[in-house]
Amino acid sequence: QVQLVESGGGSVQAGGSLRLSCAASGEIYSSHCMAWFRQAPGKEREGVAVIDSDGSTKHADSVKGRFTIAKDNAKKTLYLQMNSLKPEDTAMYYCAAGPVSGCPGGIWYVRSLYAHWGQGTQVTVSS
């Protein structure tokens with residue numbers, strides 16, 4: 001079993017920064033594909049960023065240059081550094097663990113690839 005617990009959300013003004021954390025426990029390995037997703041009210045859950053077993057990353061176009069995904073394998077913790085936040089970044093942010101063999105190329109944003117999800121942490125950005 002894999003457990004994921006997010007933290008670090010909150011309310012911030014536009015232009016501000018937040019760092020989200022996701023503490024993983026259970027049968028989680030450095031080879032797991034790990035990702036952040038978000039869901040705004042009335043919208044579908046969308047992929048924000050992903051990090052593979054070798055540390056390579058991909059970010060959605062909407063956050064590229066502002067958000068950075070990272071992980072600490074020793075601490076079993078996933079991070080999302082969010083800078084230059086915009087009101088449209090307001091959403092519930094979820095941590096997800098995907099295939100233990102690593103991220104499938106090109107389709108990392110497909111939700112069904114991720115078997116394990118955290119409960120989410122709310123991010124609210126005011127203008």
Side-chain angles (χ1 to χ4, degrees):
Q1 278 285 36
V2 174
Q3 293 81 40
L4 303 171
V5 179
E6 302 95 334
S7 61
S11 296
V12 64
Q13 289 192 327
S17 298
L18 284 172
R19 188 177 81 154
L20 306 184
S21 297
C22 171
S25 60
E27 296 181 5
I28 191 78
Y29 306 104
S30 59
S31 60
H32 268 98
C33 174
M34 300 294 295
W36 287 99
F37 283 74
R38 68 184 181 185
Q39 188 167 18
K43 294 189 176 181
E44 290 195 358
R45 195 170 297 189
E46 62 176 0
V48 175
V50 66
I51 186 164
D52 210 335
S53 55
D54 62 357
S56 59
T57 62
K58 293 180 181 176
H59 297 78
D61 288 343
S62 58
V63 306
K64 204 168 290 184
R66 300 187 298 121
F67 291 11
T68 303
I69 189 171
K71 66 176 179 174
D72 185 328
N73 289 327
K75 294 183 178 180
K76 292 189 176 182
T77 302
L78 181 71
Y79 302 100
L80 185 67
Q81 178 65 44
M82 307 187 294
N83 298 329
S84 302
L85 282 160
K86 304 176 181 179
E88 51 264 44
D89 294 320
T90 295
M92 186 72 79
Y93 283 71
Y94 298 91
C95 168
V100 67
S101 56
C103 300
I107 55 171
W108 66 270
Y109 47 85
V110 176
R111 288 173 292 170
S112 60
L113 294 174
Y114 298 85
H116 307 285
W117 295 83
Q119 83 290 347
T121 186
Q122 178 68 38
V123 171
T124 302
V125 184
S126 58
S127 56

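Starting from 1, each residue takes its place in the sequence as its number.
For E27, the CD atom is loosely surrounded, since the number of other residues' heavy atoms within 6.0 Å does not exceed 12.
Judged by distance alone, the side chain of T77 and the main-chain N or O of A23 form no donor-acceptor pair under 3.5 Å. Under the 3.5 Å distance criterion, the side-chain polar atoms of Q39 are left unmatched by any main-chain donor or acceptor of A91. E6 contributes a side-chain N or O that, together with a main-chain N or O of G120, makes up a donor-acceptor pair within less than 3.5 Å.
A 4.5 Å side-chain heavy-atom check between S21 and K75 finds every atom pair outside the cut-off. By the 4.5 Å heavy-atom criterion applied to side chains, V123 and L20 are counted as neighbours.
In this structure, R111 forms no cation-pi arrangement with F37, as its terminal cationic atom is not both closer than 6.0 Å to the ring centre and no more than 45° off the ring axis.
Between S25 and Q3, the side chains place a donor N or O and an acceptor N or O closer than 3.5 Å (distance only, hydrogens not considered).
The nearest pair of heavy atoms linking Y114 to C33 is OH-SG, 3.7 Å.
The side-chain contact (heavy atoms from CB on, under 4.5 Å) test applied to E88 returns K86, not counting sequence neighbours.
Cluster annotation: M82 is connected to I51 through the hydrophobic network of ILVMFWY side chains, with a link wherever side-chain heavy atoms come within less than 4.5 Å.
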V63 and R38: side-chain contact (heavy atoms from CB on, under 4.5 Å), yes or no, with the steps?
CA-CA 12 Å; V63 306; R38 68 184 181 185; 4.0 Å; yes

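Classification of the H32-Y29 ring pair by plane angle, with boundaries at 30° and 60°, yields parallel.
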